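Okay, so here's the structure we're looking at.
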Amino acid sequence: MEEENNIPKVYDPAEVEKKWYAYWIEHGYFHQPVDRSRKPFSVVIPPPNITGKLHMGHALDNTLQDILVRWHRMMGDNTCWLPGYDHAGLATQIKVEEELKKKEGLTRYDLGREEFLKRVWKWKEEYGDRIVTQLKSLGISCDWDRQRFTMDEGLSRAVREAFVSLYEKGLIYKGTRIINWCVNCRTALSDVEVEHQDDDGHLWYVKYPIEGEKDRYLTIATSRPETIPGDTAVAVNPDDDRYKDLVGKQVRLPIMDRLIPIVADEYVDVKFGTGAVKITPAHDPNDYEVGQRQKLDSITVIGLDGKMTKESGRYEGQDRYECRKNIVKDLDDLGLLVKIEDAPHAVGHCQRCHHVVEPLISTQWFVKMKPLVKAAVECVEDGRVEFVPNRFTKTYTTWMDNIHDWCISRQIWWGHRIPVWYCDDCGAQMASRTDLTECPKCHSKHIHQDEDALDTWFSSGLWPFSTFGWPDKTDELKQFYPTSVLVTGYDIIFFWVARMITLGMEFMKDIPFHHVFIHGLVRDEQGRKMSKSLGNGIDPLEVVDKYGADTLRFMLITGNTPGNDMRFYWNRIEATRNFANKIWNASRFALMNLDGYDAKAKRAPFTLADQWILSRLQHTIKDVTSFLERFELGEAGRLIYDFIWGEVCDWYIELIKPRLYNKENPEERATAQYVLCKVLGDAMKLLHPYMPFITEEIWQHLPHEGSSIMIAPWPVADEALMNDDVEASMTVMMDAIKAIRNMRAEVNAAPGKKAPAIILADETFRPVFEAHKEYVQRLGTVDTLTLGDSRDAAPENAMTAVVNGAKVYLPLKGLIDVEKELARLQKEADGAARELKRVEGKLSNENFLSKAPEAVVEKERTKKTEIETRLNGLNEQMEQLRKL
RNA sequence: GGAACUAUAGCUCAGAUGGUUAGAGUACCACGUUGACAUCGUGGGGGUCACUGGUUCGAGUCCAGUUAGUUCCACCA
């Protein structure tokens with residue numbers, strides 16, 4: 001062994017990845033200043049929460065972005081990928097509160113607003129960029145110089161501007177309405193932050209005595225008996241004959257002993273329950289509506305703490321669920337409980353803490369959405385903003401069409417405080433871009449700011465432009481807005497995408513991005529969602545440690561299709577790792593045979609193999625690029641994989657070995673070296689967006705121009721090098737070689753040793769075989785190869801295969817089991833006959849001939865001839881065998 | 001109650017504008033250490049493309065319906 005080369009046989013990503021990431025940072029490749037002369041390509045990262053820990057979703061999301069960004073950077077676009085993170089108001093506050101409770105046994109109220117916020121900032125400084133560090137280990141090429149945080153001064157200014165501007169237009173208002181209240185988080189929530197799930201519930205049927213009529217009752221069904229103290233009416237459908245005479249009368253509300261009216265309202269479904277509904281405007285959104293229509297009072301019986309208020313009489317102070325039990329019991333004791341039915345019930349839960357959300361009447365800030373969404377819907381419907389895959393357009397537009405006003409105030413401290421001040425003296429309410437110290441109306445110093453903070457999504461909704469300096473008119477904004485593409489999961493279309501489009505159209509009068517590239521979820525091997533509670537999450541960093549970021553990235557991108565969920569399979573990780581190792585060894589082979597290589601040295605003309613691989617390379621470049629243009633990242637990746645492994649490694653490298661090993665002919669050797677470098681180099685470029693590290697490592701070893709593959713120009717397909725004749729010739733040779741291998745394996749002939757073969761080729765391909773005998777000898781493990789004309793008589797005692805353009809024989813005297821061989825040939829012939837029948841059927845169909853395009857018909861004709869030739873060859877051979 | 005998605009080899013998945021002998025990886029079987037790679041090579045078996053109709057010269061691909069599964073939206077007490 002004279003293996004002087006010290007490149008390891010097995011690729012070890014750990015060190016390589018660390019090295020190159022540092023190198024890229026050091027050279028500032030991720031950062032590009034604004035260059036108005038070049039086409040922009042910009043992406044803003046979906047900002048991870050500062051509380052976040054990297055999970056598979058992030059890995060997928062950011063790899064997708066990185067592939068697009070790296071590709072466009074290589075294409076020469078003025079590329080900007082802006083990173084950052086989100087303060088995540090409620091989520092972060094909960095986290096810090098938990099820590100405070102655990103470590104010091106304190107609540108935020110113990111500390112007070114100012115001190116508590118100091119703690120959150122401290123927490124943010126300590127842990128806030130942990131996720132950013134984790135992202136870096138994936139190899140993503142964000143411009144870290146442009147990193148933003150939603151609570152930065154600049155972004156906070158944008159929030160102020162947006163709020164005040166909407167306020168001045170009357171699109172933000174303060175109102176007292178029924179809202180979603182989390183009794184655990186003690187804050188209002190928007191509709192999208194409430195997750196509905198079917199819980200096991202019951203329907204309690206309760207008799208309400210009708211006033212003035214002895215022993216007559218109206219029976220209602222309720223899933224929430226604890227709200228009975230808040231009832232202010234009972235409603236029936238106006239067309240319900242059962243109850244027509246009762247409308248206008250009153251019932252005596254059980255327990256509370258209060259008279260409430262019986263009203264008629266369309267809302268009531270005659271067929272459901274008893275057809276009579278108790279109305280509690282303060283604790284049910286529907287009842288609230290009915291209450292508005294019927295001008296009913298509303299009585300709040302459940303407080304902000306989830307406990308019964310004094311309006312509930314003797315239940316005051318009880319927890320809402322405890323009260324439920326007690327009321328049911330009391331009703332039973334009174335003989336008013338008719339029956340209890342099991343009934344699944346859709347109950348709203350807080351997205352953050354999962355406690356049951358309570359509908360309550362409360363004074364909050366809202367954004368009036370209807371006037372805003374018009375432009376946001378239009379720009380999607382007319383295609384200015386394009387969802388990929390397209391089906392998410394419908395998800396988006398139907399949601400937007402049914403939009404309700406957006407509750408944006410939160411009773412939390414961490415976040416952007418609502419920029420509204422109230423004058424204690426004159427009662428004025430004013431929104432202001434700057435902090436106020438006195439009332440602009442009466443000049444009183446007795447003013448105070450609204451206590452609430454804004455929904456986190458209000459600031460994230462401004463992200464595509466606030467990050468580039470809005471409301472200032474910066475160069476960045478001019479160049480990079482609208483951004484090119486937004487990459488995100490389908491789970492936050494409503495939370496985030498919809499808001500960005502809405503607010504972008506409002507404030508920038510332009511779309512925030514041209515494409516929304518939606519991906520699915522990464523699930524576990526059984527297809528379950530990865531979650532903390534199941535403990536089935538796989539840490540991306542663990543995969544990176546064990547197999548490298550390149551492997552994780554490639555695995556996440558290939559083997560699934562845009563917008564669909566995918567499963568995480570260790571076994572696919574291993575397969576991808578093997579691919580990385582394959583690339584590694586192919587380049588290792590190249591490097592070991594590159595000694596004395598001089599790109600300028602005199603070269604021999606290209607051989608068939610050279611022309612073939614160069615032709616295949618051009619097609620690969622063309623197809624990969626067009627798949628990338630259509631966001632078909634998985635398909636593009638697959639093409640690169642197939643090209644490298646299936647064509648370069650399996651065929652080309654094997655074919656050029658003799659030339660590389662033979663130092664007696666330097667010109668031929670130089671040609672092989674040149675083509676190998678060219679093909680590997682371009683392949684590395686195509687693969688670079690997917691596997692940035694290993695491609696950089698290899699590219700740096702290969703002869704190259706420039707300082708990094710990541711800024712090397714993206715390959716352009718050279719049409720002049722695409723050669724159909726060459727590809728056809730190689731295909732025939734490859735088919736013949738495969739036929740030889742196949743036959744030898746069938747009879748297990750001379751395993752590992754060379755054996756003779758005979759090929760009778762037709763006139764088109766005979767010269768090809770003659771010129772490249774050694775291809776067949778080498779890859780078919782053949783010693784003597786006898787060539788002849790396809791019209792020559794077939795050799796006796798030989799196994800046969802017929803491929804398009806040639807007949808292949810293995811003279812395996814003694815090894816052939818005539819019966820088995822006949823069976824094998826018969827099977828082949830049967831297949832060919834079946835196929836022939838189908839083709840003939842087509843070709844004898846008048847409709848096919850007249851209606852199908854000429855090219856398709858022609859194709860069928862050639863197919864027919866080919867099959868016939870093959871079939872004849874097989875039949876001939878079988879006849880001969882039968883004579884033996 | 002609406003809507004979307006999925007259904008292709010034992011398993012995980014690809015199959016753009018309808019025309020391939022329907023593919024890959026993995027698993028399985030056989031053979032193989034020829035100077036990149038056993039994280040490898042060669043060969044093989046394995047699919048009535050969920051079902052039923054329709055459109056078409058031609059359907060895994062388009063349309064309608066059925067079944068099964070997943071998900072999102074929705075105020076039925």
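Everything numeric in this text was worked out from a predicted model, so none of it was measured. Letters A, B, ... mirror the listed sequences (proteins, then strands); counts begin at 1.
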Check your understanding: Using the P atom in both, what is the distance from B/G60 to B/C49, to the nearest Å?
Key -> 7 Å
Exercise for review: Whole angstrom is fine here: how far is it from CG in A/Leu702 over to P in B/A36?
Suggested key: 16 Å
Practice item. Could you check A/Arg838 against A/Glu835 for salt bridge (Lys or Arg N to Asp or Glu O under 4.0 Å), going step by step and ending with a plain yes or no? Key: CA-CA 5 Å; A/Arg838 239 200 30 227; A/Glu835 221 182 308; 6.0 Å; no
**Study point:** Phosphate OP1/OP2 of B/C13 contacted by A/Arg567 side-chain N/O (<4.0 Å)
**Key:** yes
Point to revise | A/Arg638/A/Glu635 ion pair, N-O < 4.0 Å | key: yes
Point to revise | Single hit among A/Val192, A/Val377, A/Ile493, A/Val373 for side chain to side chain contact (heavy atoms under 4.5 Å, CB included) with A/Trp399 | key: A/Val192
Check your understanding: With a non-hydrogen cut-off below 4.0 angstrom, is A/Asn560 in contact with a base, only sugar-phosphate, or nothing?
Key -> sugar-phosphate
Check your understanding: Under 4.0 angstrom, heavy atoms only, what part of the nucleic acid is A/Pro853 near: base, sugar-phosphate, or nothing?
Key -> base
Point to revise | B/A77 OP1/OP2 closer than 4.0 Å to side-chain N/O of A/His345 | key: yes
Check your understanding: B/A77, B/G44, B/C57: which one has an atom nearest the side-chain heavy atoms of A/Lys851?
Key -> B/C57
Exercise for review: Would you mind classifying the nucleic acid contact of A/Thr395 as base, sugar-phosphate or nothing, using non-hydrogen atoms under 4.0 angstrom?
Suggested key: nothing
Check your understanding: Of all the nucleotides listed (B/A36, B/G15, B/C72), which has the minimum atom distance to the side chain of A/Phe494?
Key -> B/C72
Point to revise | Base partner of B/A3, which must satisfy Watson-Crick or wobble distances under 3.5 Å | key: B/U71
Practice item. Would you indicate what A/Gln526 reaches in the nucleic acid, counting non-hydrogen atoms under 4.0 angstrom: base, sugar-phosphate, or nothing? Key: nothing
Practice item. Check whether any side-chain heavy atom of A/Leu702 sits under 4.5 Å from a side-chain heavy atom of A/Leu680, and report yes or no. Key: yes
Point to revise | Distance test, side-chain N/O of A/Lys863 to OP1/OP2 of B/U21, below 4.0 Å | key: yes
Exercise for review: Could you state the atom-to-atom distance from CG of A/Leu639 to P of B/A16 in whole Å?
Suggested key: 13 Å
Exercise for review: Select base, sugar-phosphate, or nothing to describe what A/Arg528 touches, counting heavy atoms under 4.0 Å on all strands.
Suggested key: nothing
Check your understanding: Between A/Asn571 and B/G25, does any side-chain N or O lie under 4.0 Å from OP1 or OP2?
Key -> no
Practice item. To the nearest Å, give me how far apart CD (A/Glu746) and C1' (B/U42) are. Key: 12 Å
Revision key, fill the gap. From the candidates B/U70, B/A36, B/G44, the one with an atom nearest any side-chain atom of A/Phe589 is B/A36
Exercise for review: Give a yes/no answer on whether the side chain of A/Lys529 brings an N or O atom under 4.0 Å of OP1 or OP2 in B/U71.
Suggested key: no
Check your understanding: Rounded to the Å, how far apart are A/Ile640 CD1 and B/A14 P?
Key -> 18 Å
Check your understanding: At under 4.0 Å between heavy atoms, what does A/Lys738 touch on the DNA or RNA strands: base, sugar-phosphate, or nothing?
Key -> sugar-phosphate
Review point. Using a cut-off of 4.0 Å on non-hydrogen atoms, how would the nucleic acid contact of A/Ala575 be classed: base, sugar-phosphate, or nothing?
Key: sugar-phosphate
Point to revise | N or O in side chain of A/Asn578 less than 4.0 angstrom from B/C40 OP1/OP2 | key: yes
Exercise for review: Could you check whether the rings of A/Tyr490 and A/Phe392 sit parallel, tilted or perpendicular, using 30° and 60° as the cut-offs?
Suggested key: parallel
Review point. Between B/U6, B/A36, B/G25, which one does the side chain of A/Tyr641 approach most closely?
Key: B/G25
Exercise for review: Using a heavy-atom cut-off of under 4.0 Å over every strand shown, decide if A/Lys394 touches base, sugar-phosphate, or nothing.
Suggested key: sugar-phosphate
**Study point:** For B/C62, the Watson-Crick or wobble counterpart (both distances under 3.5 Å)
**Key:** B/G54
Check your understanding: For B/G25, does OP1 or OP2 lie under 4.0 Å from any side-chain N or O of A/Trp570?
Key -> no
Check your understanding: OP1, OP2 of B/G15 versus side-chain N and O of A/Thr561: anything below 4.0 Å?
Key -> yes
Check your understanding: Without hydrogens or angle criteria, can the side chains of A/His283 and A/Thr227 be said to hold a donor-acceptor pair below 3.5 Å?
Key -> no
Point to revise | Interatomic distance where CG belongs to A/Leu849 and P belongs to B/G58 [whole Å] | key: 13 Å
Practice item. Determine: side-chain N/O of A/Tyr661 to OP1/OP2 of B/U34, distance under 4.0 Å, yes or no. Key: no
Study note, to complete from the structure: The nucleotide from B/C57, B/U42, B/C75 with an atom nearest the side chain of A/Asp650 is B/U42
Practice item. Compare side-chain N and O positions of A/Arg741 against OP1 and OP2 of B/G43 and report whether any pair is under 4.0 Å apart. Key: yes
Exercise for review: For A/Lys271, answer base if it contacts any base atom (sugar-phosphate contacts may also be present), sugar-phosphate if it contacts only those atoms, and nothing otherwise; contact means non-hydrogen atoms under 4.0 Å.
Suggested key: nothing
Exercise for review: Can you tell me, in whole Å, how much space there is between the C1' of B/G2 and that of B/A9?
Suggested key: 37 Å
Practice item. If the plane angle is over 60° it's perpendicular, under 30° parallel, otherwise tilted; pick one for A/Tyr641 and A/Trp645. Key: tilted
Exercise for review: Carefully, step by step, assess A/Asp735 and A/Asn804 under the rule side chain to side chain donor-acceptor pair (under 3.5 Å).
Suggested key: CA-CA 8 Å; A/Asp735 285 349; A/Asn804 290 330; 5.7 Å; no
Check your understanding: Taking CE from A/Met592 and P from B/A36, how many angstroms apart are they, rounded to a whole number?
Key -> 5 Å
Exercise for review: Using the C1' atom on both, measure B/C5 against B/G41 and round to a whole Å.
Suggested key: 41 Å
Practice item. For B/G54 versus B/U12, give the span between their C1' atoms, rounded off to a whole number of Å. Key: 33 Å
**Study point:** A/Asn593 CG - B/A36 P separation (whole Å)
**Key:** 7 Å
Exercise for review: Assess whether one donor atom and one acceptor atom, taken from the side chain of A/Arg572 and the base of B/U12, lie less than 3.5 Å apart.
Suggested key: no
Review point. Below 3.5 Å, does any donor atom in the side chain of A/Lys582 face an acceptor in the base of B/C37, or the other way round?
Key: yes
Point to revise | Atom pair CZ (A/Arg572) and CD (A/Glu574), whose distance is rounded to the nearest 0.5 Å | key: 12.5 Å
Check your understanding: Which nucleotide, in any strand shown, forms a Watson-Crick or G-U wobble pair with B/G18, with both distances under 3.5 Å?
Key -> none
Check your understanding: Taking OP1 and OP2 of B/C37, is either one under 4.0 Å from a side-chain nitrogen or oxygen of A/Lys9?
Key -> yes
Practice item. Go through the N and O atoms of the side chain of A/Glu635 and the base of B/A24, and report whether any donor-acceptor pair is under 3.5 Å. Key: no
Study note, to complete from the structure: Among the nucleotides B/G43, B/A36, B/U39, whichever has the atom closest to the side chain of A/Val10 is B/U39
Check your understanding: Taking side chain as C-beta onward, heavy atoms only, is A/Ile538 less than 4.5 Å from A/Val543?
Key -> yes
Study note, to complete from the structure: If pairing means Watson-Crick or G-U wobble with both distances under 3.5 Å, then the partner of B/A38 is none
Point to revise | Pairing nucleotide - B/G43, Watson-Crick or G-U, each distance under 3.5 Å | key: B/C29
Review point. A/Met691 CE to B/U39 C1': how many Å, rounded?
Key: 12 Å
Study note, to complete from the structure: Regarding the side chain of A/Arg588, the nearest nucleotide among B/G45, B/C37, B/C57 is B/C37
Practice item. Would you mind telling me which of B/U20, B/C72, B/C11 lies closest to the side-chain atoms of A/Tyr569? Key: B/C11
Practice item. Among the candidates B/U21, B/C57, B/C76, find the nucleotide nearest to the side-chain atoms of A/Tyr267. Key: B/C76
**Study point:** Phosphate contact (B/U21 OP1 or OP2) by A/Arg838 side-chain N/O below 4.0 Å
**Key:** yes
